[in-house]
Amino acid sequence: MPKATTGGDALPLAEVRDAIIADPSNRWAAELGYLPLYAASAAARIVIIGQAPGRRAQESGIPWDDPSGVRLRSWLGVDDEVFYDPASIALLPMDFYFPGKGSHGDLPPRKDFAPRWHPAILGQLPEVRLTVLIGSHAQAHYLGSQARSNLTETVRAHIDYAPAVIPLVHPSPLNFRWQKANPWFEADVVPALQDLVRAALT
């Protein structure tokens, strides 16, 4: 995955956050009392790019504050202290706001959000050694033509993206059927992920 870059006039990370809050496209979120939910530090060694916050995380103000987050931390092999330390792990969903509910679960992240705001943040994370792409939205955006025909095949081909990138299925408990049908994920991908995480944080 190519590193995002910013020009010499890039906003500092704190000002990027202010710009996101003030942007007219996010006025609806401000009116609901929502703040952009992400975490980033110039010292981060790992960046996790997921979909968008769920309602529970948005309301608590804590990313991955749900059963999906518990499972993700288990897959990564890290505890809460490491996971929530932005100097270790940056958390950048494809949209920083809960997008609302649809007929089959949460709505997808807005398509124009990540292209607009991610480069301003990623370009200021020079120490990142590992990018974790969770779910089809993140993989489609960052892998592009390097993604396989579907999420399952992209995750199965994880070794092709190592050591800089690893694609994962979403850790939602709702994906239990997928995990049951694909036992190779727990057997092969999770140990590989934990090896990459340890290397990146060392």
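The model shown is predicted, which means the values in this text are computed figures rather than measured ones. Scope of the values below: all heavy atoms of this structure, side chains included, with no hydrogens, waters or symmetry mates.
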Looking at every non-hydrogen atom in both residues, tell me the closest pair between [X] and [Y] and how far apart they are.
X: Gln51; Y: Ile134; value: CG-O, 4.1 Å
X: Glu153; Y: Ser149; value: CG-OG, 4.0 Å
X: Thr202; Y: Arg129; value: O-NH1, 2.9 Å
X: Arg71; Y: Pro171; value: CD-O, 3.3 Å
X: Pro86; Y: Ala44; value: O-CB, 3.3 Å
X: His158; Y: Ala192; value: CE1-CB, 3.7 Å

Donor-acceptor contact below 3.5 Å, side chain [X] vs main chain [Y]:
X: Tyr161; Y: Gln146; value: yes
X: Asp95; Y: Arg110; value: yes
X: Arg55; Y: Phe98; value: no
X: Gln124; Y: Leu11; value: yes
X: Gln58; Y: Leu35; value: yes
X: Tyr84; Y: Pro63; value: yes

Are any of the side-chain heavy atoms of [X] and [Y] separated by less than 4.5 Å?
X: Asp85; Y: Glu81; result: no
X: Tyr38; Y: Pro93; result: yes
X: Ile46; Y: Leu201; result: yes
X: His137; Y: Pro109; result: yes
X: Pro36; Y: Asn26; result: no

Spell out, yes or no, whether [X] and [Y] are grouped together once hydrophobic residues are joined by side-chain heavy atoms under 4.5 Å, including indirect joins.
X: Leu13; Y: Trp117; value: yes
X: Ile62; Y: Ile49; value: no
X: Val78; Y: Val165; value: no
X: Leu91; Y: Ile121; value: no
X: Leu133; Y: Ile48; value: no

Distance in Å, [X] [atom1] paired with [Y] [atom2], rounded so as to fall on 0.5 Å steps:
X: Gln179; Y: Ser172; atom1: CD; atom2: OG; result: 9.0 Å
X: Leu196; Y: Leu76; atom1: CG; atom2: CG; result: 10.5 Å
X: Thr131; Y: Leu122; atom1: OG1; atom2: CG; result: 7.5 Å
X: Lys101; Y: Leu107; atom1: NZ; atom2: CG; result: 9.0 Å
X: Asp112; Y: Ser25; atom1: CG; atom2: OG; result: 6.5 Å
X: Thr154; Y: Asp160; atom1: OG1; atom2: CG; result: 10.0 Å

Inset, instruction - Enumerate the residue pairs fulfilling ring pair (Phe, Tyr, Trp, His ring centres under 6.0 Å) with a member in residues 162-202, sequence neighbours excluded, ordered by first and then second residue. - result: Trp64-His170, Trp75-Phe185, Trp178-Trp184, Trp178-Phe185
Legend entry - Those residues that, when tested against His141, pass ring-ring contact (aromatic ring centres under 6.0 Å, His included) (two or more places apart): none
Would you call [X] and [Y] a salt bridge, taking side-chain N to carboxylate O under 4.0 Å as the test?
X: Asp23; Y: Arg116; result: yes
X: Arg56; Y: Asp66; result: no
X: Asp79; Y: Arg73; result: no

Legend entry - Whether His118 and Tyr142 hold their rings parallel, tilted or perpendicular, with breakpoints at 30° and 60°: parallel
Inset, instruction - Decide if the gap between the ring center of Tyr34 and the ring center of Tyr97 is smaller than 6.0 angstrom. - result: no
Legend entry - Worked check of side chain to side chain contact (heavy atoms under 4.5 Å, CB included) between Val47 and Ile89: CA-CA 6 Å; Val47 59; Ile89 298 177; over 6 Å; no
Legend entry - Residue Arg27 excluded, over 12 heavy atoms near CZ under 6.0 Å: no
Legend entry - No-hydrogen, no-angle side-chain donor-acceptor test under 3.5 Å, Arg156 and Asn150: no
